[in-house]
Every structure is written in structure tokens, then in C-alpha cells.
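Presented below is the structure to which this report refers.
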Amino acid sequence: METTGWLFDLYPRQDRMVLWFLTAAGECRRLEDGFPYCVYLGGAPVRLRALAGEARRRGWVRRFWPARGRDLWTGRELPVMALELASYAHLPRLRAWLGKLSGEAPVYNCDLDIAAYYLYTRGLWPCAWYDLEERAGRLQAISPREEQFALELSVPPLTTLHLGLTRDPLIPLGAGNGLSLGWEGRELELTAPDAAGLVAELGRWLRRADPDLVLSDWGDEEIIPPLTRWSRDYGVPLPLDREPHPVPREFRGARSYFSYGRIVYQGSAAPFYGRWHVDQRNSFFFREAGLPGLVQVARLGQMPLQQAARASPGTLITSMQLARAAADGILIPWRKGEPERFKTAAELLVIDKGGLTFMPPAGVHFSVAELDFASMYPAIMARHNISPETVDCGCCAGEGARGPRPTYNPPPHPLPQPLKGGYVAGRVGAAGPDFPGSHKGLGGGRGGRGGSVAPWPSPHNLAPEAGYRLCRKREGLVPRTLRPILALREGLKARAREVPAAEAVQYKERQNALKWMLVTCFGYLGYKNARFGRIEAHEAVTAYGRDKLLLAKEICEGEGFQVLHGLTDCLWVKKDEEVANAELEELCRRISAASGVKLALEGIYRWIVFLASRQDPKRPVATRYFGVFEDGSLKVRGLACRRRDTPPFVRRAQEALLKRLADSGATTPAELAALRPELEELAETFRGRLKEGDLKPEDLVITRVLSQTVADYKVDTPAALAARQLKNAGIHLQPGEKVRYVHREPKRSPKELRVQASPFLEALEDYDAKLYLELLERAMEEVLVPFGKQEVG
DNA sequence: TGCCAGTAAAG
DNA sequence: CTGCCTACTGGCA
């Protein structure tokens with residue numbers, strides 16, 4: 001039977017993949033597809049045969065055969081042995097055994113997520129329409145009806161059920177907290193005499209609505225785990241899944257990890273089978289980019305949507321690289337998870353030069369233009385072919401002064417070709433004895449050109465400063481992955497500009513999701529343990545970045561502009577006389593052409609303020625500024641209102657002042673100066689409200705992230721005190737989790753009284769008004785001082 | 001007052 | 001899928 005379906009959900013079960021499709025008619029269809037997991041072993045053929053034979057004798061491997069695959073580092077084709085697993089369940093044991101062979105035989109494709117490996121191998125991606133052929137619940141053939149990188153997403157209507165808690169998520173469900181449910185515009189609290197009754201009640205709703213998507217707040221950790229436990233304990237069925245067979249349901253995977261120099265907490269996951277459960281509070285991409293962004297990254301990352309919901313941008317971009325590698329017939333090296341050792345000071349000195357900064361003169365400036373390089377680092381990687389395997393590669397050695405002698409000349413990488421056809425069960429290359437992806441031919445690049453990025457090869461293949469040589473013969477895996485993302489992001493941004501505001505939202509969300517993947521891709525180059533990381537590549541990118549910002553500065557100055565400030569990929573410039581828009585556009589065009597990366601006019605500020613350091617008011621700081629563009633819109637960076645540890649009341653007060661500045665239309669020094677009395681008056685009303693003491697506790701809450709467990713704190717900071725209060729109430733926060741509190745008594749008072757932790761704020765009678773006045777004063781000063789506010793006595 | 005632990009921001 | 005630099009605050013001796 002032939003149908004058309006939207007690939008919705010997928011997961012492995014026993015030795016097959018289960019796929020769920022939504023049809024145009026609104027039905028959902030479950031299909032199975034046999035997919036044997038193949039691991040590849042390199043090394044001497046005789047030894048390989050012996051190892052493969054041993055794995056088969058142990059029952060882990062059903063069959064094995066000689067195959068060929070491409071080495072990531074050299075681009076060379078290698079003879080390998082393909083081992084087809086007897087069952088997915090054997091993977092951990094086979095992996096452990098192969099791990100002990102360390103060095104003897106390189107192991108490839110052995111640590112991939114099964115669902116993702118299936119998608120890479122079949123050349124499929126979730127959240128897209130396919131023509132299907134099925135027989136008796138088995139998938140026979142499948143081919144896509146749309147491009148993976150298409151500008152338009154066609155999402156079928158999804159039946160959505162909302163789940164949430166009626167009170168603070170730190171209060172356990174059933175112990176003071178209730179379950180709220182939303183469906184078809186209705187919003188209600190589920191009531192039941194006991195836990196079993198609550199499970200039954202939710203069960204009725206799930207059967208009635210049969211939702212495709214359960215969108216929850218705190219579902220992963222606070223709702224689904226207790227409900228599942230009660231369902232088991234009291235024998236009340238809870239139809240979370242559409243999958244008719246029993247599914248594994250354990251709530252593991254909560255962890256605190258170190259990222260970007262800070263601790264992050266990721267809660268455990270509670271995925272459903274055959275429908276989606278997305279916990280909005282436990283999903284980076286949902287938070288940043290909404291459902292459209294999530295659908296976008298699931299499709300590009302070739303990862304089931306519920307996994308993408310919990311994934312970091314790093315996981316997504318890595319998945320895209322793995323998909324690219326698989327499609328190009330590249331053997332995927334095993335990433336063994338050894339934590340990165342701490343870098344020595346000397347290493348840091350070499351690596352961490354980072355972005356270039358020109359210091360701004362603190363104070364107000366008028367008619368300043370901001371020029372930004374678009375996606376600078378990813379564009380550099382694409383433009384200059386920077387990838388772990390292209391930095392000082394073996395194949396181009398000898399052309400420059402550095403590097404080893406040439407040993408091997410691989411064929412040039414084939415040009416990208418569009419994806420055609422699809423998967424047909426039983427056809428060569430689908431799942432049989434052949435290398436994954438090789439049926440599509442090498443380099444089946446599906447993306448277009450890189451949008452704002454000049455095409456590779458670039459004439460400049462010697463990185464500035466360190467002088468690494470970049471491969472001229474093969475385009476690297478990272479640039480090949482990035483190019484179509486850059487192109488799509490440009491397309492989405494352009495689309496968002498040309499459609500009405502309401503429609504533009506989804507394009508903006510999708511491009512924002514891509515932005516995060518692009519940013520992370522650069523970071524991963526510098527991470528030793530990233531699968532496709534290499535520190536020299538990271539260095540080369542930042543060196544090119546500094547080079548281009550400097551080049552841009554020189555061109556600006558050559559054209560008679562004064563460069564006020566520069567920060568990694570942005571420049572703030574002005575001229576004494578009036579500058580026409582066209583002149584700036586022309587300047588950008590010149591710099592774009594000279595640097596190979598698109599520089600765009602972000603806007604012209606009527607005025608902009610660069611703030612001075614609080615510690616040394618004579619000194620400017622690079623990352624704190626605010627200003628108003630010609631169209632009256634504000635741009636604010638680094639001020640109190642941008643910090644998450646600023647209480648809402650202080651944030652709103654600062655925002656009100658900024659808004660008044662923007663709405664006033666003031667353009668000249670005199671007009672700005674005339675606003676001062678009005679702003680002072682506004683500030684005074686906020687001070688008055690604080691002194692009156694009738695603010696709600698919620699307006700004064702400070703949110704901070706815990707960097708360690710309560711016991712590890714050496715200093716009794718307010719956050720540590722609040723976390724200790726919660727601990728005494730039986731609520732245990734992990735490093736990386738947020739703690740929320742209100743300052744109650746002054747600093748020198750007994751420690752138990754200094755702060756009051758949320759959610760125990762109802763009982764709060766008073767707050768430390770002096771401290772909040774101080775916070776408010778600082779926020780007011782940030783805005784007022786540049787306009788000549790006198791210090792208050 | 002100075003030191004340092006702790007935390008957050010822009011890119 | 002564990003990657004900074006810098007500015008700043010607040011506790012504490």
C-alpha cells in the first residue's frame with residue numbers, strides 16, 4: 001500500500017526500528033523497518049577475520065564481510081570489516097570487548113545513537129513528508145517529498161495537550177502541588193481524592209484527546225516520574241505511549257556538567273513512544289526557538305524530535321557532522337569519553353587569544369554606525385576550509401614551508417550533488433553488505449552554497465599568526481556541514497524581513513536555532529574531546545577573525561571614519577560630518593569583498609553610550625553599552641536589565657528609563673540633556689514604591705545558579721543561604737539548578753534571617769529595602785550617569 | 001581595606 | 001558531548 005506520511009517519531013525496539021507517521025488525513029501510522037547496526041573494524045585483514053569470527057562465536061554478531069570506507073583524516077579509502085550486530089542489545093557488550101583491543105584494530109561507527117544511525121544510513125530526516133510503501137506494517141520503500149534544507153516547513157496540525165503544575169515546581173506533585181491540564185483552549189486543574197485517582201483522571205484525558213504532542217512545564221522531572229510510579233504501585237494504567245508493546249521507562253540522565261566555565265544542570269528525560277513529550281522547561285531549543293526551531297533542528301540534525309528537545313546545540317551540530325560523514329562514506333572514529341585534562345597556563349596563552357577588542361571611549365556618542373560580520377566564525381570555517389582534518393593536512397604538505405613531506409595524494413573531493421531517490425527495502429546499499437551511505441555516492445552534499453560566504457577554495461590558505469596551512473584539495477567535513485546551514489540561515493533571515501510580523505516569528509525562531517548550532521560548532525573545534533575537534537583549527541579561526549576585524553578597521557579609517565569600538569565581529573564607526581546610508585552600505589560591500597565574509601550595517605544609532613568601569617570610572621569596559629537606533633529601537637548590552645540575577649522590579653525600572661529615552665525621540669546632546677529632570681522624576685517614583693514597602697515578593701526575587709552543592713560552599717553567599725534553607729525543608733538542589741530568593745534582613749543579621757528562599761515567600765512580611773534601594777540606584781545610575789547625573793549624597 | 005570566592009555578560 | 005575572558009559583588013579577616 002502506498003501513502004504519504006510525515007515522519008513524526010522513531011525509536012529502536014528489539015532488532016527493528018519503529019517509525020510513526022502522520023498522514024495528510026490526520027491519521028497516525030506505525031511502521032517497522034529492519035535495520036541491522038553495523039560496526040566497522042580496521043587493521044590487518046587476517047587479524048580482522050579472526051576478531052570478527054570471535055565476535056560471532058560469542059553471539060554478538062550475526063554476520064561479517066569485508067567492506068571499504070573512507071578515513072576522515074587522509075580521505076583515503078580503507079579496507080575494513082563490517083560487523084552486523086545480532087541485536088541492538090549486544091551493542092554495549094561488543095563495545096566493551098572492542099574497547100579492550102585498544103590500538104590493535106581501530107573501531108568505527110560503534111558509538112552512534114541507533115535511531116540517528118538509522119536516519120543517517122537511510123538518508124532520512126524527521127519532520128518531513130515522504131512517499132511510503134508499506135506491507136503488513138513493514139516499511140517497503142520511502143522517498144522524501146521535500147528537501148532537507150527547505151525554506152518552508154510543512155508541519156501537519158498536531159493535537160496538543162498541555163500539562164503543568166498549579167504551584168512552584170519545587171513543591172512535589174501530590175504533596176501540596178496540583179496538576180493542571182490544557183486542551184483545546186480549556187484550562188483546568190485535575191482533581192482526584194488520591195494518587196491513584198489522579199493517574200486515572202490523566203489517563204482518561206490522554207485517551208480522550210490522544211495528543212500528538214504533550215507540551216509540559218516541568219513534566220520531565222516533576223510530573224511524569226511520580227505519575228508513572230503511582231501507575232505501577234496502584235495498578236492504574238497510564239497510556240502515555242501509542243506504542244502497543246511495553247517500553248522501557250526509567251528516569252535517568254539527570255546530570256550537572258561543566259560548560260563554558262560554568263555549571264549547567266540538565267534534568268532527566270521522560271520521552272513518550274509514538275507521541276511527543278516536550279518539557280518546555282527542560283529544552284534548550286524550545287526555550288530559544290519554540291516549536292518551529294525544534295522541528296527545524298530535529299530535521300537538520302537527523303535526530304528524533306524528543307531527543308533534539310533535550311539536546312544541547314553541541315549535540316545537534318555533532319549529529320549533523322556525523323550525518324554528513326555517514327553520507328560521504330566516512331568511517332566515524334570512536335569517541336571514548338575521557339574527560340579533558342586541565343590545560344596548562346602555557347597552552348592557554350597560545351590558544352585563548354580569542355576575539356579582538358578595541359576599547360571604546362566611555363560616554364555618549366552621536367550618529368554612530370554599527371557594522372557586524374554575519375556569522376563570522378562559521379563563515380571563516382567555510383571560507384577558509386577550516387576543519388580538524390584540513391589543518392596542516394598530509395596531502396598538501398610541501399606546498400608551504402611547514403609540515404611533513406607528502407605521502408599520499410587523494411582524489412579531490414567530489415562536488416556536492418543533490419539527493420535523489422530514496423530507500424527501497426532489499427535494494428543494494430539499503431541495509432545489506434555495503435558501507436553506509438555509499439549507495440548515494442560520495443559527497444552527496446544536499447545544501448546550496450554558503451549564502452553570505454564566498455566560495456571555497458579561497459586564495460588565502462595560510463592562517464594568520466600561527467601560519468597553519470589549510471587543505472586546498474579536499475573540502476573539510478566541518479565546512480561541508482556548515483555551508484548549507486549558513487545558506488539556510490541567510491534564507492530564513494531574508495524571509496523574516498519580507499513577510500508580515502506575525503508570519504516572521506517562525507522564521508526568526510528557526511534562524512535563531514541555527515545560530516546556536518553555528519556558534520557551538522566553533523567552540524567544539526577547540527574542545528579536545530569533541531569528535532571533530534582540533535585545537536589548531538580553533539586557533540586558525542580566531543586568528544582569521546582578528547585579521548578580518550583589523551582589516552575592516554583599516555578600511556574604515558582609510559575612508560575617513562573614526563572607529564570608536566570593536567568587539568570580535570562588530571565595529572562602531574562614525575564621521576564628523578553627516579554620513580549617507582549609501583556610503584555605509586558601500587563601505588560594507590568593500591570590506592565584505594576584501595575579507596570574504598559578509599559585513600552588514602546593523603544600524604545607525606542616534607546616540608550610543610559606552611559605559612565606564614565601576615571600579616575605575618576613568619576606564620571604559622568593552623561589553624556594556626546601550627543606544628537608540630534611528631528607527632527608535634533600543635539595543636542594550638551588559639546592563640542590569642540584561643542580567644538574570646536582577647530582581648524584576650529593578651529590571652522594569654531600568655527598562656522604563658531606557659524606554660523613555662528611546663520614545664523621547666531625542667537625537668542631539670541638547671535634547672538628551674533636556675530629558676534629565678523627567679528621568680530623575682521617573683527614578684524617584686520607583687524609589688518611592690520601594691520605600692513604601694508594598695511590593696510583592698515576586699517583584700524582588702533574585703535568581704542565581706548554584707555552582708556547587710550546598711555543603712561545598714565555603715562562603716555564605718545569599719544563594720548558598722537560600723539553598724541551605726531549601727535543603728532544611730527537604731528540597732535538594734543540584735549544581736547548575738537555579739535558586740530564587742528575596743533579601744529579608746540586612747547583611748549583618750543572623751544568617752537564617754538574611755534571605756527567604758522561594759517558594760516560601762507567602763509568609764514574607766518585610767524585605768531589606770536598603771539593599772533593594774542600592775540595587776535600584778545602581779541600575780538608575782547606569783542609565784543616568786552618562787547624561788551627567790549628580791551623585792546623590 | 002584588601003583579598004578572594006562566587007557569579008554573570010557579550011561575543 | 002564536560003569550551004573562556006573580564007567585570008563586578010559581597011563575605012570575611
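Worth saying up front: this structure is predicted, and the values here are computed from it rather than measured. Proteins come first, then strands; the chains are lettered A, B, ... in the order of their sequence lines, and each starts at number 1.
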Does [N] have its OP1 or OP2 closer than 4.0 Å to a side-chain nitrogen or oxygen of [X]?
| X | N | value |
| --- | --- | --- |
| A/Lys515 | B/dG11 | no |
| A/Arg614 | C/dT9 | yes |
| A/Arg778 | C/dT9 | yes |
| A/Arg624 | C/dT6 | no |
| A/Ser613 | C/dC8 | yes |
| A/Arg642 | B/dA8 | no |
| A/Arg643 | C/dC8 | no |
| A/Arg637 | B/dG11 | yes |

In whole angstrom, give the distance that lies between atom [atom1] of [X] and atom [atom2] of [N].
| X | N | atom1 | atom2 | value |
| --- | --- | --- | --- | --- |
| A/Tyr265 | C/dT2 | OH | P | 17 Å |
| A/Leu525 | C/dT2 | CG | C1' | 17 Å |
| A/His743 | C/dT9 | NE2 | C1' | 10 Å |
| A/His565 | B/dG11 | NE2 | C1' | 10 Å |
| A/Met376 | B/dA10 | CE | P | 19 Å |
| A/Ile332 | C/dC1 | CD1 | P | 16 Å |
| A/Tyr741 | B/dG6 | OH | P | 14 Å |
| A/Phe358 | B/dG11 | CZ | C1' | 14 Å |

One thing to verify: whether [Y] and [X] come together as a salt bridge, which I'm taking to mean a side-chain N less than 4.0 angstrom from a carboxylate O.
| X | Y | value |
| --- | --- | --- |
| A/Glu782 | A/Arg624 | yes |
| A/Arg704 | A/Glu737 | no |
| A/Arg534 | A/Glu389 | no |

Worksheet item: Taking any strand in view, what nucleotide pairs with B/dA5 in a Watson-Crick or G-U wobble way, both distances under 3.5 Å?
Response: C/dT9
Looking across every strand, which nucleic acid part, if any, lies under 4.0 Å from [X] by heavy atom: base, sugar-phosphate, or nothing?
| X | answer |
| --- | --- |
| A/Tyr713 | sugar-phosphate |
| A/Val264 | nothing |
| A/Phe373 | nothing |
| A/Gly314 | nothing |

Quick one: which of [options] gets closest to the side chain of [X]?
| X | options | result |
| --- | --- | --- |
| A/Thr623 | C/dC12, B/dA10, C/dC1 | B/dA10 |
| A/Pro718 | C/dG11, B/dT7, B/dA10 | C/dG11 |
| A/Tyr524 | B/dA8, C/dC1, B/dG11 | C/dC1 |
| A/Thr568 | B/dG11, C/dC1, C/dC12 | B/dG11 |
| A/Thr315 | B/dA10, C/dC1, C/dA7 | C/dC1 |
| A/Val621 | C/dC12, C/dA7, B/dA8 | C/dA7 |
| A/Cys570 | C/dC12, B/dG6, B/dG11 | B/dG11 |
| A/Asp645 | C/dG11, B/dA8, C/dA7 | B/dA8 |

Discussion item. So A/Ser595 and A/Phe373, do their side chains get closer than 4.5 Å, heavy atoms only?
Written reply: yes
Worksheet item: Any idea which heavy atoms bring A/Ala722 and A/Ala757 closest together, and the distance?
Response: O-CB, 3.7 Å
Fill in: Full working for ring pair (Phe, Tyr, Trp, His ring centres under 6.0 Å) between A/Phe284 and A/Trp516
CA-CA 10 Å; A/Phe284 174 86; A/Trp516 282 108; 5.4 Å; yes
Discussion item. Looking at A/Tyr767 and A/Glu745, would you say the former's side chain and the latter's main chain have a donor-acceptor pair under 3.5 Å?
Written reply: no
